Enquirer: 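Please read through the structure below; I'll follow up with questions.
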Protein chains: 2
Amino acid sequence: MPYGEVLSALADPTRRNILEALCAGPMTVGELAATQPVSRPAVSQHLKALGAANLVSVEPRGNRRLYSIRRDGLQELRWYLERFWSDVLSAYGAEIARRAKPEKESP
Amino acid sequence: MPYGEVLSALADPTRRNILEALCAGPMTVGELAATQPVSRPAVSQHLKALGAANLVSVEPRGNRRLYSIRRDGLQELRWYLERFWSDVLSAYGAEIARRAKPEKESP
DNA sequence: CCTTACCGTAAGGCATGACTAACGGAAACG
DNA sequence: CGTTTCCGTTAGTCATGCCTTACGGTAAGG
């Protein structure tokens, strides 16, 4: 269940901010940390979690490391949510039908 | 940012199980706890968190309390993810364009 | 009434997580 | 080379989260 890691990663506000900051384009850890109210090692750890969830990717650029958004994690979560959504909808349909004709329940 | 609470609520596996169990129809806390490997008070606390995220709703039925799935929380998260998704896509487009013609950057 | 069933809440323990400060390694730069 | 920059990792602290046990309160049932 890869969407579990994605949900855990997205549950943290700082990680969401980092991800949204990466929407502007690939950035180094230093640039990324400058946009956040936490220290650089904290950003580094968050990036590790985001990478484990397939939400970011790294590319060493000489001395620095360039982080970019990766669609895989989000895609995974989207699929899970869509499946969940249709399950909920069908559950609602079944519930309406159950409430509409309860004669079958107590003959 | 209501999706924050939704993400935090969905980050816990037990809460996801509870929610998926509720797809089969409204259930009481006792029935719900019987499907989970944790105690009944634990389920009660999880239901509190799910309610705060607009993922479940309660309806007192005499002695017991009937919990049902609520679409609002999921809808909220879906919207957030879709907006995020399009942002990521446009960021990719901008990045491709940036990589295609870097002449403007260093004249 | 008294009992039983069902449930929410409080208190406490235990694990997990987020953050900082400090260290160490690798690349660029003189 | 020595230095500086950039970064990941570690150790340690502090807060948060999840769980259980125990308690109190309300509704049904004899």
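All figures in this text were calculated on a predicted structure; none of them were measured in a lab. All values below were derived from every heavy atom in this structure, side-chain atoms included, with hydrogens, water molecules and symmetry-related copies excluded.
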Enquirer: In the structure I gave you, are the side-chain heavy atoms of A:Asn17 and A:Thr35 within less than 4.5 Å of one another anywhere?
Expert: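 No; the side chains remain at least 4.5 Å from each other.
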Enquirer: Is there a side-chain contact (heavy atoms from CB on, under 4.5 Å) between A:Leu19 and A:Val56? Walk through the geometry before answering.
Expert: CA-CA 8 Å; A:Leu19 227 54; A:Val56 299; 3.6 Å; yes
Enquirer: Rounded to the nearest 0.5 Å, what separation is found between the CG atom of A:Leu74 and the CZ atom of B:Phe84?
Expert: 6.0 Å
Enquirer: Report yes if some heavy atom in the side chain of B:Val88 is under 4.5 Å from a heavy atom in the side chain of A:Cys23; otherwise report no.
Expert: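 Contact flag for B:Val88/A:Cys23 side chains = yes.
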Enquirer: Taking only the side-chain nitrogens and oxygens of A:Ser44, find out if one of them lies under 4.0 Å from OP1 or OP2 of D:dG8.
Expert: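 For D:dG8, OP1/OP2 do have a side-chain N/O of A:Ser44 under 4.0 Å.
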Enquirer: List in chain and number order the residues that pass salt bridge (Lys or Arg N to Asp or Glu O under 4.0 Å) with B:Glu82, two or more places apart in sequence or in another chain; answer none if no residue qualifies.
Expert: A:Arg78
Enquirer: With a 4.0 Å heavy-atom cut-off, tell me which residues in residues 60-67 of chain A come close to DNA chain D, sorted by residue number.
Expert: A:Asn63, A:Arg64, A:Arg65, A:Tyr67
Enquirer: Just the atom pairs and distances: protein N or O near nucleotides 13-23 of chain D's N or O, under 3.5 Å.
Expert:
{"residue": "D:dC18", "atom": "OP1", "partner": "B:Asp12", "partner atom": "OD1", "Å": "3.4"}
{"residue": "D:dC18", "atom": "OP1", "partner": "B:Arg15", "partner atom": "NH2", "Å": "2.8"}
{"residue": "D:dC19", "atom": "OP1", "partner": "B:Thr14", "partner atom": "OG1", "Å": "3.4"}
{"residue": "D:dC19", "atom": "OP2", "partner": "B:His46", "partner atom": "NE2", "Å": "2.3"}
{"residue": "D:dT20", "atom": "OP2", "partner": "B:Ser39", "partner atom": "N", "Å": "2.7"}
{"residue": "D:dT20", "atom": "OP2", "partner": "B:Ser39", "partner atom": "OG", "Å": "2.6"}
{"residue": "D:dT20", "atom": "O4", "partner": "B:Gln45", "partner atom": "OE1", "Å": "3.3"}

Enquirer: Check every nucleotide of DNA chain C for an atom under 4.0 Å from a heavy-atom of chain B, then give the first and the last such nucleotide from 5' to 3'.
Expert: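 The contacted stretch runs from C:dA5 to C:dT9.
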Enquirer: Working to the nearest 0.5 Å, report the span between NE2 of A:His46 and CG of A:Asp12.
Expert: 4.5 Å
Enquirer: Which residues satisfy the salt bridge (Lys or Arg N to Asp or Glu O under 4.0 Å) test with A:Arg71, sequence neighbours excluded?
Expert: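 For A:Arg71 there are no salt bridge (Lys or Arg N to Asp or Glu O under 4.0 Å) partners, ignoring immediate neighbours.
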Enquirer: Provide, to the nearest angstrom, the distance between the CG atom belonging to A:Leu32 and the P atom belonging to D:dC6.
Expert: 14 Å
Enquirer: Show your reasoning for whether side-chain contact (heavy atoms from CB on, under 4.5 Å) applies to B:Leu50 and B:Leu22.
Expert: CA-CA 12 Å; B:Leu50 290 171; B:Leu22 279 180; 5.8 Å; no
Enquirer: Could you note down all residue pairs passing salt bridge (charged side-chain N to carboxylate O under 4.0 Å, His left out) where residues 46-69 of chain A supplies at least one of them, sequence neighbours left out?
Expert: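 Found A:Glu59-A:Arg61.
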Enquirer: Would you mind reading off the distance between A:Glu31 atom CD and D:dT5 atom P, rounded to a whole angstrom?
Expert: 16 Å
Enquirer: Spell out, as yes or no, whether a donor-acceptor pair under 3.5 Å connects the side chain of B:Ser90 to the backbone of B:Ser86.
Expert: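 Answer holds: yes.
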